[in-house]
Amino acid sequence: MIMSEHSARLLWVALFGIVLSIGLSALTTVYLIIAITSGIITATPLAELVVDVAIPAIIALGVFAILWIASVMSLLWALFQWIMQIESYQLATVFARVEEIIPPISVFHLPARFTPMPASIERDLSIETTRALASLRRQYVIGDIHEIRLICYYCW
């Protein structure tokens with residue numbers, strides 16, 4: 001399954017944010033260690049070390065941690081969007097077995113979500129129509145619409 005352009009861009013930005021935050025955190029930690037070590041060697045007062053070195057470095061580490069958390073959340077969101085575009089009988093079967101083992105998960109209707117439409121129908125329809133039919137199929141499985149409306153949609 002090919003990832004949409006928006007999801008791919010979000011994925012790359014998230015990966016860049018993760019690498020950037022980890023790299024900057026490592027550099028800040030090394031700077032903090034070097035600055036405190038050199039301050040101790042030169043007998044700099046502890047209060048001066050804390051105010052001049054430790055507090056700004058700890059604030060920077062906090063900002064990098066927030067960047068890392070936001071990047072990981074963006075990465076998970078991009079992967080979630082990509083996974084939700086996948087349709088395969090194997091995934092539908094796996095989720096059906098999971099629903100049998102863990103019944104509370106059945107409220108998500110995952111087997112219906114991952115079951116692909118028949119190829120004979122998909123072949124002749126545009127992407128928008130195929131997505132609309134998949135959405136109607138999910139709504140029907142959930143029980144939001146009735147069979148008559150679904151059949152009438154195929155007739156149009």
Side-chain angles (χ1 to χ4, degrees), residues 1-36 53-156:
M1 183 77 188
I2 297 175
M3 186 178 278
S4 71
E5 184 178 335
H6 174 70
S7 293
R9 188 177 307 126
L10 182 62
L11 178 71
W12 284 111
V13 168
L15 289 173
F16 177 75
I18 290 171
V19 170
L20 181 68
S21 63
I22 290 172
L24 290 175
S25 296
L27 286 174
T28 304
T29 304
V30 168
Y31 165 75
L32 186 61
I33 291 169
I34 292 170
I36 289 177
V53 177
I55 292 176
I58 290 172
I59 291 172
L61 287 173
V63 170
F64 300 146
I66 291 171
L67 174 65
W68 183 83
I69 290 169
S71 298
V72 168
M73 290 175 59
S74 298
L75 176 70
L76 293 175
W77 180 251
L79 291 175
F80 174 75
Q81 286 179 334
W82 178 64
I83 288 171
M84 291 310 292
Q85 293 175 355
I86 296 174
E87 292 183 349
S88 84
Y89 289 110
Q90 291 83 8
L91 279 176
T93 305
V94 168
F95 283 119
R97 289 182 186 153
V98 170
E99 280 186 357
E100 289 174 5
I101 296 170
I102 309 171
I105 295 178
S106 64
V107 298
F108 297 112
H109 306 285
L110 292 174
R113 166 63 195 95
F114 289 102
T115 302
M117 291 184 61
S120 60
I121 294 174
E122 275 187 25
R123 205 175 321 132
D124 301 328
L125 301 175
S126 68
I127 293 173
E128 294 82 17
T129 307
T130 303
R131 288 182 180 159
L133 286 174
S135 173
L136 280 173
R137 185 183 75 240
R138 284 191 294 276
Q139 290 175 2
Y140 174 71
V141 170
I142 293 170
D144 290 343
I145 59 175
H146 300 294
E147 185 175 346
I148 295 170
R149 182 175 164 197
L150 187 64
I151 291 172
C152 289
Y153 186 82
Y154 283 115
C155 297
W156 293 93

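Residues take their numbers from the sequence shown, with the count starting at 1.
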| query | Taking atom CG of Leu15 and atom CG of Leu10, what is their separation to the nearest 0.5 Å? | reply | 9.5 Å

| What distance do Leu24 atom CG and Thr29 atom OG1 have between them, rounded to the nearest 0.5 Å? | 10.5 Å

Quick one: side chains of residues 58-71, donor-acceptor pairs under 3.5 Å with protein atoms, not counting sequence neighbours, listed by atom name and distance.
residue : atom : partner : partner atom : Å
Ser71   : OG   : Leu67   : O            : 2.9

| task | Indicate the atoms forming the closest heavy-atom contact of Val53 with Ala35, along with that distance. | result |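 For Val53 and Ala35, the tightest heavy-atom pair comes out as CG1-CB, 3.4 Å.
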
| request: Search all heavy atoms of Pro111 against all heavy atoms of Glu99 and return the closest pair with its distance. | output: CD-OE2, 3.0 Å

| request: For Trp77, check ring pair (Phe, Tyr, Trp, His ring centres under 6.0 Å) against everything at least two apart and list the hits. | output: Phe80

